[in-house]
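Let me begin by presenting the structure, written as structure tokens, before commenting on it.
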Amino acid sequence: MAVPLPLPPPGPQFVLRGTQSAVNALHFGGGAQAQGRQLLFSGSQSGLVHIWSLQTRRTVATLDGHGGQSVTWLQMLPQSHQLLSQGRDLRLCLWDLAEGRNAIVDSVCLESVAFCRSSVLAEGQARWLLALPGKGSDEVQILEMPSKTSVCTLKPEADAKPGMPMCLGLWQAESSPRPLLLAGYEDGSVALWDVWERKVCSRVSCHEEPVMGLDFDSQKARGVSGSAGKALAVWSLNGQQALQVCSTHQLTNPGISDITVRPDRKILATAGWDHRIRVFHWRTMKPLAVLAFHSASVHCVAFATNGLLAAGSKDQRISIWSLYQRT
Amino acid sequence: MAVFDTPQEAFGILRPVCVQLTKTQTVENVEHLQAQLQAVSDTALQELQQYILFPLRFTLKTPGPKRERLVQSVVECLTFVLSSTCVKEQELLQELFSELSTCLYSPNSQKPAAVSEELKLAVIQGLNTLMHSAYGDIILAFYKPSILPRLGFAVSLLLGLAEQEKSKQIKIAALKCLQVLLFQCDCQDHPRSLDELEQQHLGDLFASFLPGISTALTRVITGDFKQGHSIVVCSLKIFHKTVGFVMADEQLRRLSKAQAEPVVEHRIAELMVHREGDWVKNTSDKLVILIKKIIECVSVHPHWKVRLELVDLVEALLLKCSQSLVDSAGPLLKALVGLINDESSEVQAQCNNVLRQFADQKVVVGNRAFTDILSESLHSLTTSLPRLMNSQDDQGKFSTLSLLLGYLKLLGPKINFVLNSVAHLQRLSKALIQVLELDVADVKIVEERSWNSDDLSASPKTPTTWQGNQVQRRYFRFFTDERVFLLLRQVCRLLGYYGNLYLLVDHFMELYHESVVYRKQATMILNELVTGAAGLEVEDLQEKHTKTSPEELREIVTSLLELYTSQENWYLVTCIETEEGEELMMKQSDLQAITSRVHTCQIISFPAFSKPSPTICSMNSNIWQIYIQLEGINQFAYALGKDFHLLLMSALYPVLEKAGDQTLLISQVATCTMVDICVACNYDSLQDLINENSDYLVNGISLNLRHLSLHPHTAKVLEVMLRNSDATLLPLVADVVQDVLATLDQFYDKRTASFVSILHALLVALAQWFPETSYIGQPQDQSLKEEGSYLHQTLKNNTTAEDIEQFVLDYLKEKDVADGNVLDFDSDEEKLSVPPTLEENDTLPDVEPPLPVHIQIAKDVMERCIHLLSDKNLKIRLKEKLQHFSYHILICRRFAKQAPHQQGLKIHSTDSTQQRGGEVAGARFFGNASETFCPKENAFLSIPIRKEK
């Protein structure tokens, strides 16, 4: 019998081209109910936000609101047609996309040129919290939206010196309405803030290098963070709101720019500076796949509700992958 | 003419004549009477009817032998009187009836008297006229049980005449008369329709005659074809009218309810028939036999009017007696369905009418029993279909398939009822698959090559669509007639139209996977199913109740498309020779390549590492497989129309790839498919299609470039795309070009030839997309052309030994230069004189102004080409150089002209050296060496090839 030829490593399902500049931020929108009309938002180095239709694999619209400065973060507000985009022009814009509109309805000025991506906690339609880098280089500001009233500024204690916040994650435990903020800092530590009490509940130092991305699974009370270094860290939160490192995972090449757990909490994906996307089993942290397609460092990864994975890279391409789909 | 209007006057005239006739009964006297009657008006005649009839009847009644001539003239005279008067009295009618019918009998024998044909005719007409002249009420009263013996006598007399007489005229007259007697006359003189009770009454009466009438008529119908069609038509009519009347569901249903039997005398009561359940059952059992006989005989009757009457028969019986004659429904439907494709258009039309009527009235759909019968017939037909297809001639196959089609049409939406049964579906699908088997022994298909695959864009200048085009003739194993194929297509479409598409597609996809033997047929069927489901070119009889929604259809098509274009179904081995590049690769003999070929060649499972040599047959089969799949894509586009837009992302790349296939058949059909996709998706031209969907193509190309060994044709698609696009493509294609170059870096030894042609296409495209701004458009085109023609000219020149020598010398020199040994060139001073100064721009200070993308690409390509200049394979070397440098220079020169102060060219001094080196080398090629160099190209090309082989 002939030995069957090993199948070639699977490629991406398809590739979106045409941003003409490095892709820095990705976000799936449209929701599961509009299966056919699922959208993908991509923010590029050149300051444009492209809206892609996953059905036609083409851009539906392009939003230009950051004056040519790189777009670093995109987030759709749940149950609405509003999109938040953060740019290096120190503006955070709120777009109204309902019924084909694409206009800026509101914007917030950022007070410092930071690398940090913002974070949103939507409690309901009417009121939501926004965490964004604050005025001081180590501060995080919390705003209540859409009124833009400042809730508080989270400033680490004078002796901590964690450096700049690099990534933020606002969340809320199911048991209590208390908003909590996870922040990864320049010195490689992750801190849990209680927003109402404006104090650090716990801090854990899990990386040598600046934390580049984190994601948190509030059900399992477990989070993962990636840094500029060679390791991924998994940490968990115990009943006393204390963070502790569970395990670390060494990578072949250093540098993670983004990390995301799939909405069904089965797998997680990392965007590597080594041009690769890595996929891990979220419960066991077993490495599952290394997806090699991009020819420059991968800047961001995002999961859709239906499990599709998108990765944006410096090589100006967005690759869409279909991985371990639930059948 | 009517001279005598009043009865008195008329009486005056007629009296002597009548008296005379009563006294002496001669032919002359009768004729005299008739002559006088001519002059009497109808009203007067009516008054005097009894009076005039008396001598005539007297003549008939006088005992003793009579001369035939006399009887005949008397009967004729009687007929005349009756035709212009009405019979208003019950007794008169009865008496006249028996007097007339006895005329043909000799009083003492049971057999019909041997009388002259004229007399017979006269009597028959007399009877006919008599029945017509009776008043409506009178005639109804006439049909009472007591008349039964006399009526029976007349009926059997007439049947005997119809059956045994020689004269066609008599036969027809007898049949017509019978029709009148049985109250089924279709003339206009019976305005009053019968009410229910009357109908029932008559039905009871006629039921007694039914066995006799039906058997006798069957004998007439199934008699010699030569007896003339009108007799058969007439008999058929009486048959179905009588049967339809006596066995009418409507009457029988009412009968089953309790009914008071009329009291009749004993003798008569014996003759009477009671149409109860048992009787109906028995009668219908016997009728089935007769009906089958009739159908068997009549459906092949040479005269179309007879077949037309058969359609009426089927219609009448199925409509009126669907319950009582349920056993006959099978043969009847079969007859009807079989006549759908009759050679006579009248029969066809009538058949379709009837079928449509059935559909409208839901005769089949609303009747469970009929559906059962039909599905049973369908089952038995599909069971025998393969055998029939093997044994019958084309005409026979045609009619068998017509039958199949007819069944499906009749079943309509009820097809699902049949399809849901696994056994039925299996039978049907296997039958279709077997019948559609292709003959793949034709060598020509494999032989024919498309050499000019480059000219994809040029070939279909006039977009001819598939549907208009004659499809490539395919040869089937079991039939040659094109009509048979069309019928089969229609069958599949109908299935798709009415049937549960998911079920069907699923089933045939299974068959597709099951065996290679089924694959082509299954593909064909799947294609037609989709077309049918879209409701295109389907001759439908009935509205389908659930229409396949466009979304569903698109979903199905998507999965089919996925199946067709999957690696193992799309890349089949269709030829032995490989391309030049691949040949090299084969030489490298990496095991992978061979095993991958085994892997993709499904037809023959050769032992593991034996030489993979697909037979002609298997290649032919593969070609057809691809052909049919392409055709399928074509049909999908047609079926989906604009919706196909969404599938372009997965369909366009594979089709375009096949458009460049070496096999003529495949490339033709792929090109056709492209044109049809253009039509379906509303693109003006192929170029538009490619250009506007280049993003999808680029996607396919870039993904396939990653596994080049599996997708050797990717290069070709890229080439075609570059050729057909404009500058808007550049941002999309930029990264692919980088991929290509990266792949080239990996495979320098293997596939260089195909890469070189991509690079060439790329440079040509770049040169076209970015024309010199100073001379827009034309000049540059012209210069290209000039160069081309220049090359051609030089190619034509004769070559001498000196030329060759000169060439080799020049060539070596060029090679040196290209390899970077440019020491003694005058570029040194230039290098020194241009220090890398930075101009102040408004860009951010730490960002270098990047080169325009196209220049960057040209530069990258150039860098690669320099390496190729020293390739082992001379062929590549030469091809590469000649093709590239002209465009390089064109592009770079233009760039330099446009932006002389751009820093791009001067940033990296090493780069610029290389570039200039290339430029110089190129310039020298065309400057001094080309004249001698070019003619040798061919000479040199041929040598290494021969060596390699």
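Not measured: the values here are computed from a predicted model. What's counted below: heavy atoms across the whole structure, side chains too, no hydrogens, waters or symmetry copies. In the text below, chain A, chain B and the rest are named by the order of the sequence lines, each starting its count at 1.
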Contact origin within A296(A) toward chain B - heavy atom pairs under 4.5 Å | neither
Are the side chains of R17(A) and V736(B) in touch, meaning some heavy atoms are under 4.5 Å apart?
-> yes
Does any heavy atom of chain B fall under 4.5 Å from the side chain of S295(A), the backbone, both, or neither of them?
-> neither
CD of Q55(A) to CG of L646(B): how many Å apart, nearest 0.5 Å?
-> 4.5 Å
Evaluate whether atom NE2 of H81(A) has more than 12 neighbouring non-hydrogen atoms of other residues, nucleotides or ligands under 6.0 angstrom away.
-> no
Measuring heavy-atom distances to chain A, does N693(B) have an atom under 4.5 Å in its side chain, in its backbone, in both, or in neither?
-> both
Is there a donor-acceptor contact under 3.5 Å linking the side chains of N699(B) and R317(A)?
-> no
Mind ranking Q316(A), Q20(A), R58(A) by heavy-atom pairs under 4.5 Å with chain B and telling me who comes out on top?
-> R58(A)
Could you give the distance from CZ (F293(A)) to OG (S702(B)), rounded to the nearest 0.5 Å?
-> 4.5 Å
